[in-house]
Amino acid sequence: MTAPLFSGRGRRSVAALGAVSAGLLLLSACDKPTPLATVTVGTSSVSTEATCSDDKELSLDKVQECLTNAKGAKTIAYGRGDTLRLGVEPEVVADGKRWQAVLDGQPITEPSSNTYRSFPGADIFATGGQGEAPSSKKLNIVQVGEDGKPLAVWAYNVKLK
């Protein structure tokens with residue numbers, strides 16, 4: 001008969017240590033998720049992580065690309081006269097950072113340090129008498145640093161009901 005190298009207790013300890021080590025290794029390989037931004041219309045909400053972000057400011061070319069070519073942007077339906085609500089997690093406005101809403105590439109708000117904005121009865125599809133309204137628009141939330149330079153972009157599609 002040969003004696004086992006590890007007792008039952010020892011094998012369990014080694015297995016537990018291995019599982020913890022593997023878990024830590026997997027966690028260290030993951031990207032840290034970005035804070036969520038949320039768009040709400042009526043009782044419907046969509047939340048997403050930033051489509052573009054970096055540990056430093058984004059270049060103007062990168063921001064333009066994020067505003068126009070957001071792949072996988074979530075869609076929310078919007079009816080004329082609905083209340084549009086935008087919200088960001090507190091991390092977005094921490095340390096002097098702010099955010100602003102951008103509709104089809106044009107800012108529709110000033111940079112804000114609040115985590116929530118509401119636009120009751122806003123008609124984001126109004127054309128001002130300049131032809132037929134489009135059936136959808138791109139809505140972005142842009143995080144800016146204290147110096148006003150862009151840090152992250154969240155992307156949504158707003159579809160006219």
Side-chain angles (χ1 to χ4, degrees), residues 20-128 130-131 133-161:
V20 168
S21 297
L24 289 174
L25 180 64
L26 286 173
L27 285 175
S28 67
C30 296
D31 290 334
K32 180 182 173 192
T34 60
L36 296 176
T38 303
V39 175
T40 303
V41 176
T43 58
S44 299
S45 292
V46 290
S47 297
T48 189
E49 290 185 24
T51 54
C52 297
S53 68
D54 207 343
D55 290 336
K56 56 188 182 306
E57 69 185 55
L58 298 173
S59 70
L60 291 179
D61 290 338
K62 182 68 173 174
V63 171
Q64 191 61 37
E65 179 185 330
C66 295
L67 294 176
T68 57
N69 299 326
K71 293 180 177 28
K74 294 192 177 181
T75 300
I76 191 164
Y78 177 87
R80 294 181 189 277
D82 284 349
T83 297
L84 177 68
R85 296 174 181 89
L86 307 176
V88 298
E89 289 187 338
E91 298 165 53
V92 175
V93 294
D95 303 322
K97 297 174 191 144
R98 297 171 296 171
W99 66 276
Q100 72 183 111
V102 176
L103 187 64
D104 280 346
Q106 299 299 316
I108 60 172
T109 65
E110 293 294 320
S112 174
S113 58
N114 296 326
T115 58
Y116 176 80
R117 296 279 311 258
S118 179
F119 305 93
D123 187 0
I124 63 172
F125 286 94
T127 62
Q130 300 296 319
S135 60
S136 69
K137 290 196 171 210
K138 294 179 188 315
L139 176 66
N140 298 96
I141 293 175
V142 179
Q143 179 189 39
V144 295
E146 288 182 271
D147 57 2
K149 297 196 174 164
L151 303 171
V153 178
W154 289 259
Y156 302 90
N157 291 314
V158 182
K159 183 179 172 185
L160 185 60
K161 287 183 189 174

Legend entry - With Asp104 via side chain to side chain contact (heavy atoms under 4.5 Å, CB included) - residues at least two apart: Lys137, Lys138
Inset, instruction - Report yes if some heavy atom in the side chain of Trp154 is under 4.5 Å from a heavy atom in the side chain of Val92; otherwise report no. - result: yes
Legend entry - salt bridge (Lys or Arg N to Asp or Glu O under 4.0 Å) partners of Arg80, counting only residues at least two apart: Asp123
Legend entry - Qualifying salt bridge (Lys or Arg N to Asp or Glu O under 4.0 Å) pairs with a residue from residues 144-155, counting only residues at least two apart or across chains: none
Legend entry - Donor-acceptor pair, side chain of Thr109 and main chain of Ala101, under 3.5 angstrom: yes
Inset, instruction - Taking the side chain as every heavy atom from C-beta outward, state whether Arg85 and Val39 have any pair of such atoms under 4.5 Å apart. - result: no
Legend entry - Gap separating the CD1 atom of Ile108 from the CG atom of Leu86, nearest 0.5 angstrom: 6.5 Å
Legend entry - Residue pairs, two or more places apart or on separate chains, that pass salt bridge (Lys or Arg N to Asp or Glu O under 4.0 Å) and touch residues 107-120: none
Legend entry - Pairwise salt bridge (Lys or Arg N to Asp or Glu O under 4.0 Å) hits with a residue in residues 36-48, at least two apart: none
Inset, instruction - State which residues pass side chain to side chain contact (heavy atoms under 4.5 Å, CB included) with Val63; sequence neighbours excluded, sorted by chain then number. - result: Leu58, Leu67, Pro150
Inset, instruction - Compare every heavy atom of Leu151 with every heavy atom of Lys97, then report the nearest pair and how far apart it is. - result: CD-CD1, 3.8 Å
Legend entry - Least distance between heavy atoms, Ala73 atom then Ala155 atom: CB-O, 3.7 Å
Legend entry - By salt bridge (Lys or Arg N to Asp or Glu O under 4.0 Å) - contacts of Lys56 (at least two apart): Asp54
Legend entry - Pairs touching residues 36-48 that satisfy side-chain hydrogen bond (donor to acceptor under 3.5 Å, both in side chains), sequence neighbours left out: Thr38-Ser47, Thr40-Ser45
Legend entry - Distance in Å, Ile76 CD1 paired with Leu139 CG, rounded so as to fall on 0.5 Å steps: 9.5 Å
Inset, instruction - List the atom of Ala50, the atom of Ser53, and the distance in Å for their closest heavy-atom pair. - result: CB-CB, 4.1 Å
Inset, instruction - Heavy atoms only: give me the nearest Ile141-Ala37 pair and the separation to one decimal. - result: CD1-CB, 3.9 Å
Legend entry - Smallest separation among heavy atoms of Gln100 and Pro111, with atom names: OE1-CG, 3.7 Å
Inset, instruction - Please identify each residue that fulfils side chain to side chain contact (heavy atoms under 4.5 Å, CB included) with Val93, with sequence neighbours left out. - result: Val88, Trp99, Thr115
Legend entry - Non-neighbouring partners of Lys161 that pass salt bridge (Lys or Arg N to Asp or Glu O under 4.0 Å), sequence neighbours left out: Asp82
Legend entry - Pairs involving residues 49-97, ordered by first then second residue, that meet disulfide (SG to SG under 2.5 Å) (sequence neighbours left out): Cys52-Cys66
Inset, instruction - Can you sort out the partners of Ser113 under side chain to side chain contact (heavy atoms under 4.5 Å, CB included), two or more places apart, ordered by chain and number? - result: Arg98
Inset, instruction - Mind checking the OH-OG1 spacing from Tyr156 to Thr51? Nearest 0.5 Å is all I need. - result: 9.0 Å
